[in-house]
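For reference, the structure is listed below as structure tokens.
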Amino acid sequence: MLGDVAGIQKKNMTFGKSNMDDKEQILVNGTRMDLAFFEDNLSEARSCTWTKVTSSSVEDHQHCIVCTAPLSASTGSLYKSGHVFLCAYCHDHFLKED
């Protein structure tokens, strides 16, 4: 599924003490996360209608729905759909139509 998605670096990380705890992880916008978690987040984000907003509209302790990076008033441009936010990096790399 991710072969055509730009900006993703796949990493195999080991968690715990045995191979049974291995989970495939990726690095997205500086955030390391489980691949399955990222794919679910991206699927949800793709189902939303996004509007560009200023970072001043970010309430306390918000995170990007895709990469989970923390967002603040100094983040810069963001996208909002309902009560969820998307950082410009994830919008431009995963959702933006070329």
Side-chain angles (χ1 to χ4, degrees):
M1 174 183 169
L2 296 175
D4 62 340
V5 179
I8 299 175
Q9 297 177 10
K10 286 188 172 185
K11 302 282 183 188
N12 287 317
M13 303 293 292
T14 301
F15 293 87
K17 296 179 181 178
S18 72
N19 289 338
M20 294 178 69
D21 292 331
D22 286 352
K23 293 183 180 181
E24 187 170 13
Q25 293 219 325
I26 57 172
L27 186 62
V28 180
N29 193 18
T31 303
R32 193 174 315 270
M33 59 185 13
D34 290 348
L35 177 61
F37 183 69
F38 169 77
E39 289 174 330
D40 289 345
N41 292 354
L42 186 58
S43 177
E44 183 176 350
R46 286 181 170 159
S47 72
C48 295
T49 301
W50 296 99
T51 303
K52 191 171 187 175
V53 296
T54 62
S55 59
S56 62
S57 63
V58 174
E59 298 169 11
D60 188 34
H61 200 79
Q62 295 291 325
H63 294 265
C64 173
I65 188 175
V66 174
C67 71
T68 71
L71 306 173
S72 69
S74 64
T75 300
S77 62
L78 299 169
Y79 296 83
K80 185 175 182 178
S81 179
H83 65 280
V84 295
F85 289 88
L86 179 71
C87 71
Y89 177 90
C90 288
H91 177 270
D92 294 348
H93 285 86
F94 309 120
L95 300 178
K96 187 175 179 180
E97 300 287 326
D98 288 330

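The analysis underlying the following values was restricted to heavy atoms, covering all of them including side chains, and did not include hydrogens, waters or symmetry mates. Please read these numbers as outputs of a predicted model, since none were measured by experiment.
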Arg32 CZ to Ile26 CD1 distance, which is reported to the nearest 0.5 Å: 10.5 Å
Considering all heavy atoms of both residues, which atom of Cys90 and which atom of Leu86 are nearest to each other, and what is their separation? CB-CD1, 3.7 Å
Below 4.5 Å, heavy atoms only, C-beta onward: do Phe85 and Ile65 meet side chain to side chain? no
Check for a donor-acceptor pair, side chain of Trp50 on one end and backbone N or O of Ala45 on the other, with a separation under 3.5 Å. yes
Least distance between heavy atoms, Thr31 atom then Cys67 atom: CG2-O, 3.2 Å
Do Tyr79 and Val53 come close enough that some side-chain heavy atom pair is under 4.5 Å? no
Please name all residues satisfying side-chain hydrogen bond (donor to acceptor under 3.5 Å, both in side chains) with Ser72, sequence neighbours left out, ordered by chain then number. Ser74
How about Leu42 and Leu95: do any of their side-chain heavy atoms sit closer than 4.5 Å? yes
Taking the side chain as every heavy atom from C-beta outward, state whether Phe38 and Thr68 have any atom pair closer than 4.5 Å. no
Min side-chain heavy-atom separation Cys87-Leu71 under 4.5 Å: yes
What distance separates His91 NE2 from Leu78 CG, expressed to the nearest 0.5 Å? 11.5 Å
Roughly how far, to the nearest 0.5 Å, is the CD atom of Glu24 from the CD atom of Glu39? 8.0 Å
Under the side-chain hydrogen bond (donor to acceptor under 3.5 Å, both in side chains) test, residues paired with Thr51 that sit two or more places apart: none
Val66 vs Tyr89, side chain to side chain contact (heavy atoms under 4.5 Å, CB included): CA-CA, chis, key distance, verdict: CA-CA 10 Å; Val66 174; Tyr89 177 90; over 6 Å; no
Could you tell me which non-hydrogen atom of His83 sits nearest to which non-hydrogen atom of Gln62, and how far apart they are? O-OE1, 4.1 Å
Tell me if a side-chain donor or acceptor on Arg46 pairs with a main-chain N or O of Asn41 at a distance below 3.5 Å. no
